[in-house]
There are 2 protein chains.
Amino acid sequence: MECYCQLEGVVDLLSRKYAMQVVCAVGLLGPVRYGELEDAFGEVSSSTLSARLEDLTDAGLLVRERYDEIPPRVEYELTDEGEALREHLDPLLRWAESRDLE
Amino acid sequence: MECYCQLEGVVDLLSRKYAMQVVCAVGLLGPVRYGELEDAFGEVSSSTLSARLEDLTDAGLLVRERYDEIPPRVEYELTDEGEALREHLDPLLRWAESRDLE
DNA sequence: GTTCGTTACTTCGGACTCGACAGTACAAGT
DNA sequence: ACTTGTACTGTCGAGTCCGAAGTAACGAAC
């Protein structure tokens, strides 16, 4: 019970590709458009990125704001819960980054 | 560059099933045997668990100690790097746990 | 001396997830 | 007409994960 083995839910969500990076990226880039995220990631597949955005939105960690314009405009932002998650995630990714650079 | 989008390596590793839980579990259970982990997880598939243990060992986050006994005995433990990771991971899983319980 | 128990895994077929790339909708600009 | 810009969706082959069953090794029990 004290070993986190039984964890599901959010952790499963974060265990999908790019999930952790998306949370931190949306947090740092503020209200951000789909294309900006795609550019930031560089080599992500659009289908996977949009699946991840949908997952995180459904989980209540992101809000998706769609403007009725042509060409379309959509902006993603963290909810309060998403921001809470990002604060826990940030030290982890920061550590991972410094480790990978060695 | 500041948005963690390009992160690979450890993050990809942690983005696989049970990876984060295994790190925290091994940290809390001390030197721990394969079967103990399997019991703690309860409903894990043995193939996936052993794949994850191998990944983490190859990445230098776990050490695997095999004793020449019958029946076999194998113990897993965190390396210093694994412990550093666990310290960053722990607040995250703690948050996830409290969120999932709501 | 043959079966039983223990442990830490593999192996297997099928299901799920991912990546790359092509395609969609719509209007304004040329 | 035709191209441009945006945010996706569809498809399909490849990679990953799943649970169930099997494997190897040897000592102990019968």
Side-chain angles (χ1 to χ4, degrees), chain A residues 3 5-23 25-26 29-59 62-78, chain B residues 3 5-23 25-26 29-59 62-78:
Chain A
C3 68
C5 297
Q6 308 289 348
L7 269 181
E8 295 181 354
V10 200
V11 177
D12 277 359
L13 220 178
L14 294 178
S15 294
R16 298 208 194 137
K17 207 140 198 203
Y18 305 122
M20 297 191 271
Q21 292 100 312
V22 165
V23 170
V26 172
L29 300 175
V32 64
R33 302 179 64 170
Y34 180 88
E36 294 178 296
L37 281 173
E38 214 170 24
D39 291 347
F41 275 89
E43 46 168 63
V44 73
S45 84
S46 54
S47 48
T48 306
L49 178 57
S50 86
R52 216 53 58 223
L53 287 167
E54 194 181 341
D55 292 345
L56 294 168
T57 303
D58 289 349
L62 295 184
V63 248
R64 180 179 185 276
E65 186 97 23
R66 181 170 38 87
Y67 298 91
D68 272 341
E69 302 175 3
I70 296 291
R73 181 159 65 102
V74 174
E75 288 184 350
Y76 294 92
E77 208 169 348
L78 290 181
Chain B
C3 68
C5 298
Q6 309 289 348
L7 269 180
E8 296 181 353
V10 199
V11 177
D12 277 359
L13 219 178
L14 294 177
S15 294
R16 299 211 194 133
K17 206 141 195 202
Y18 306 122
M20 296 190 273
Q21 292 100 311
V22 165
V23 171
V26 172
L29 300 176
V32 63
R33 302 178 64 168
Y34 180 87
E36 295 177 294
L37 280 175
E38 215 171 23
D39 291 347
F41 276 89
E43 45 169 62
V44 74
S45 84
S46 54
S47 49
T48 307
L49 178 57
S50 86
R52 216 54 56 224
L53 287 167
E54 194 181 341
D55 292 345
L56 294 168
T57 303
D58 289 349
L62 295 184
V63 247
R64 179 179 185 277
E65 187 97 24
R66 181 171 40 87
Y67 298 90
D68 273 340
E69 303 174 0
I70 296 292
R73 180 158 66 102
V74 174
E75 288 184 350
Y76 294 92
E77 207 169 349
L78 291 180

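If you're wondering where the values come from, they're calculated on a predicted model, not measured in any experiment. Quick note on labels: first sequence line is chain A, next is B, and so on, each numbered from 1.
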For nucleotides 14-22 of chain D, 5' to 3', base contacts (B), sugar-phosphate-only contacts (S) and non-contacts (-) with protein non-hydrogen atoms under 4.0 Å give ---SSBBB-

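- Of the inter-residue distances, the one linking B:Arg52 atom CZ with B:Lys17 atom NZ reads 10.0 Å to the nearest 0.5 angstrom.
- A:Arg64 places none of its side-chain heavy atoms less than 4.5 Å from the side chain of A:Leu53.
- Here CG of B:Leu14 is found 7.5 Å from CG of B:Leu56. Values are rounded to the nearest 0.5 Å.
- Residue A:Tyr67 is out of contact with every strand shown, counting any heavy-atom pair closer than 4.0 Å.
- Interatomic distance, B:Glu38 CD to B:Ser46 OG, rounded to the nearest 0.5 Å: 5.5 Å.
- No side-chain heavy atom of B:Val63 sits under 4.5 Å from any side-chain heavy atom of B:Thr57.
- Here the side chains of A:Leu29 and A:Glu36 are not in contact, with every heavy-atom distance at 4.5 Å or above.
- Note: B:Asp55 CG to B:Asp12 CG = 11.0 Å, rounded to the nearest 0.5 Å.
- Residues A:Asp68 and A:Arg66 form a side-chain contact, since some pair of their non-hydrogen atoms from C-beta on lies under 4.5 Å apart.
- Of all nucleotides in DNA chain C having an atom under 4.0 Å from a heavy atom of chain B, the first and last in 5' to 3' order are C:dT6 to C:dT11.
- Remark: side-chain polar atoms of A:Tyr67 are not paired, donor with acceptor, to backbone N or O of A:Glu75 under 3.5 angstrom.
- A straight line from CZ of A:Arg66 to C1' of D:dA7 spans 11 Å, rounded to a whole angstrom.
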Got a list of protein N/O to nucleotides 3-6 of chain D N/O distances below 3.5 Å?
from  : atom 1 : to      : atom 2 : distance (Å)
D:dT6 : O3'    : A:Arg33 : NH2    : 3.1
D:dT6 : O3'    : A:Pro72 : O      : 2.9

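- Spacing between atom CD of A:Glu38 and atom P of D:dA7 amounts to 9 Å, rounded to whole angstrom units.
- Going from atom CG of B:Asp39 over to atom CZ of B:Arg33 covers 11.0 Å, rounded to the nearest 0.5 Å.
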